[in-house]
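Quick note: numbers below take in every heavy atom, side chains included, and nothing from hydrogens, waters or symmetry partners. Order of the sequence lines sets the chain letters (A, B, ...), proteins ahead of strands, with each chain counted from 1.
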There are 2 protein chains.
Amino acid sequence: MPRLSQMTDSATVARAGKRDRLVEAARDLFHRNGVERTTLADIAKESDVPLGNVYYYFKTKDDIVHAVIDAHADQIRELFRTLDRHRGPRARLIAFTREIARSGPVVADHGCPLGTLCSELGRRGDDLSEAAATLMRLRVEWASEQFRLMGRKDATNLAVTLVSTIQGAALLANSYRDPAVLTGQTRYLRRWINDLA
Amino acid sequence: MPRLSQMTDSATVARAGKRDRLVEAARDLFHRNGVERTTLADIAKESDVPLGNVYYYFKTKDDIVHAVIDAHADQIRELFRTLDRHRGPRARLIAFTREIARSGPVVADHGCPLGTLCSELGRRGDDLSEAAATLMRLRVEWASEQFRLMGRKDATNLAVTLVSTIQGAALLANSYRDPAVLTGQTRYLRRWINDLA
DNA sequence: GTCTATATATTGATAGAC
DNA sequence: GTCTATCAATATATAGAC
């Protein structure tokens, strides 16, 4: 996947522009309606790209799904780069939970963008299944590193608890159509983090 | 929806038999492949019922989804009737977490049957969305009652924490394809329950 | 690189004989 | 109540002119 900074001629720039628009539209539609219910025609329409032209950028629908997963991964890594600026691991974890809490309203409406993707793709047992799981791993590994820096031997277990609590709260917040379910659980998590030795 | 005990003539018995088979097959396929990826032909084949005959029992595919949700609800209520035999609320909650842990392997393979259903239907915003949410509510309300019996004023919040922790662990167990993620979190939950005043 | 037209397959759903 | 045949709509994907 070429990066914008590597683009030179106008053709390649146009390519990146349309490709990015397609991925962005697909990401949004996958989140709102799910992968299975989103058609290529939906993505093409939302991107303002003719349907036939989509296949110049992506050979199959699964290729688009993969690109969306990559886009999510990039965003996750970018968030963690920002959070890593905090002075200590505990402050970073707390900041992470606040970031999650900020997503309450959209999660209540359409679920967690990562969680719903993993839930939908997790059963397939193909390469997309594993690619989606990577999104969860990114969070778990980052959190695990923070707990490790706090001197915890059970860092991985704590990280799994943190990430899964967020995912469960997101599912319930969506079911109840109530952002408070998610924000309430993040508040609980902050207390939990602060109480750790 | 007629009950088996009300059946008399052979026609009605056959009706219930086929209907039950269709619902059971649909429930299994929805769990393994998701609602959207499951076709009526799949359900018909698995039930050994001709495709055209499915429409005698269900007007639309959504009607089958609704019937599956009802079947889940019945099973949930039945489990709670069993758990209610335990002497106290704390023992009932502990038993519940053990029941969840027992589902580790199947959850690692295909996700939580209830969670994936709520995740898939939750975004639709229609009546099926609300029907699926009822499955989560059943668990939350039962758990809430137990915490209330334990004298907790924040019973509902505790119940939400319990149920969402299970759902999050189920999602991660499926992503990691590792039952231990779910069983580990239920162990954590049992300690949490026992530590409550 | 772009876009219209269309092939091909699959789906939910119906018709109508039995 | 049952089941075969099939419709109509929709989906992914391709062909080929520009």
Side-chain angles (χ1 to χ4, degrees), chain A residues 1-2 4 6-27 29-30 32-68 120-121 124 126-128, chain B residues 1-2 4 6-23 25-27 29-30 32-69 120-121 124 126-128:
Chain A
M1 185 177 57
L4 263 175
Q6 298 169 339
M7 300 292 162
T8 47
D9 54 53
S10 62
T12 318
V13 168
R15 174 177 174 126
K18 282 200 180 181
R19 206 195 117 100
D20 286 352
R21 261 156 54 209
L22 285 165
V23 172
E24 207 49 42
R27 164 149 69 165
L29 288 166
F30 289 169
R32 280 177 8 220
N33 306 326
V35 174
E36 214 62 40
R37 284 172 71 93
T38 298
T39 69
L40 292 173
D42 291 337
I43 299 172
K45 186 178 178 185
E46 183 109 338
S47 317
D48 221 355
V49 171
L51 176 56
N53 199 5
V54 172
Y55 287 90
Y56 176 77
Y57 298 97
F58 303 97
K59 260 201 287 293
T60 65
K61 183 182 177 181
D62 278 359
D63 283 354
I64 301 186
V65 178
H66 212 111
V68 167
E120 190 172 2
L121 299 176
R124 291 176 42 161
D126 56 7
D127 59 318
L128 279 179
Chain B
M1 185 176 57
L4 265 175
Q6 297 170 341
M7 299 293 160
T8 49
D9 54 53
S10 63
T12 318
V13 167
R15 174 177 176 128
K18 283 199 180 180
R19 205 196 118 102
D20 286 351
R21 261 154 56 208
L22 285 166
V23 172
R27 164 149 69 165
L29 288 165
F30 289 170
R32 282 180 4 224
N33 306 325
V35 174
E36 214 62 40
R37 285 173 71 93
T38 299
T39 68
L40 292 172
D42 291 335
I43 299 172
K45 187 178 178 184
E46 183 109 339
S47 319
D48 221 357
V49 171
L51 177 56
N53 200 4
V54 173
Y55 287 90
Y56 175 77
Y57 298 97
F58 302 97
K59 261 201 287 290
T60 66
K61 184 181 177 181
D62 278 0
D63 283 353
I64 300 185
V65 179
H66 212 111
V68 167
I69 293 173
E120 189 172 2
L121 299 175
R124 291 175 43 161
D126 55 8
D127 57 321
L128 279 179

If you measure from the Lys or Arg side-chain nitrogens to the Asp or Glu carboxylate oxygens, is any gap between A:Glu24 and A:Arg27 under 4.0 Å?
yes

Looking at A:Asp62 and A:Arg124, does any basic side-chain N land under 4.0 Å from a carboxylate oxygen?
yes

Atom pair distance, as rounded to whole Å: [atom1] in [X] and [atom2] in [N]:
{"X": "A:Asp63", "N": "D:dT14", "atom1": "CG", "atom2": "C1'", "result": "16 Å"}
{"X": "A:Glu36", "N": "C:dT10", "atom1": "CD", "atom2": "C1'", "result": "12 Å"}
{"X": "A:Asn53", "N": "C:dA5", "atom1": "CG", "atom2": "P", "result": "15 Å"}
{"X": "B:Asp62", "N": "C:dA13", "atom1": "CG", "atom2": "P", "result": "7 Å"}
{"X": "A:Leu29", "N": "D:dA11", "atom1": "CG", "atom2": "P", "result": "12 Å"}
{"X": "A:Phe58", "N": "D:dA13", "atom1": "CZ", "atom2": "P", "result": "13 Å"}
{"X": "B:Lys61", "N": "C:dA13", "atom1": "NZ", "atom2": "C1'", "result": "12 Å"}
{"X": "A:Leu51", "N": "D:dA15", "atom1": "CG", "atom2": "P", "result": "15 Å"}

Taking all non-hydrogen atoms of both residues into account, name the closest pair between B:Arg21 and B:Asp48 and its distance.
NH2-O, 3.4 Å

Closest heavy-atom pair and its distance - B:Val35, B:Glu120:
N-OE1, 2.9 Å

Side chain of A:Tyr55: nearest nucleotide among C:dG12, D:dT2, D:dA13?
D:dA13

Between C:dA13, D:dT2, D:dA13, which nucleotide gets closest to the side-chain atoms of B:Lys18?
D:dT2

Atom pairs, N/O to N/O, protein against nucleotides 16-18 of chain C, distance under 3.5 Å?
none

Do any side-chain nitrogens or oxygens of B:Tyr56 fall under 4.0 Å of OP1 or OP2 in D:dG1?
yes

Could you grab the distance from atom OH of B:Tyr57 to atom CG of B:Asp63, nearest 0.5 Å is fine?
15.0 Å

Value for CZ (B:Phe58) from CZ (B:Arg19), rounded to nearest 0.5 Å, stands at 4.0 Å

Beyond-backbone contact of A:Thr39 with A:Asp42, side-chain heavy atoms, under 4.5 angstrom
yes

Report the residue (A:Arg37 or A:Lys59) whose heavy-atom-nearest nucleotide on DNA chain D is the more 5′ of the two.
A:Arg37

Which residues, if any, of residues 39-50 of chain A bring a heavy atom under 4.0 Å of DNA chain D?
A:Thr39, A:Leu40

Do other residues, nucleotides or ligands put more than 12 heavy atoms under 6.0 Å from the CG atom of A:Asp126?
yes

Please determine whether side chain to side chain contact (heavy atoms under 4.5 Å, CB included) holds for the pair B:Ile43 and B:Val54, giving the CA-CA distance in whole Å, both sets of side-chain angles, and the decisive distance to 0.1 Å.
CA-CA 9 Å; B:Ile43 299 172; B:Val54 173; 5.8 Å; no

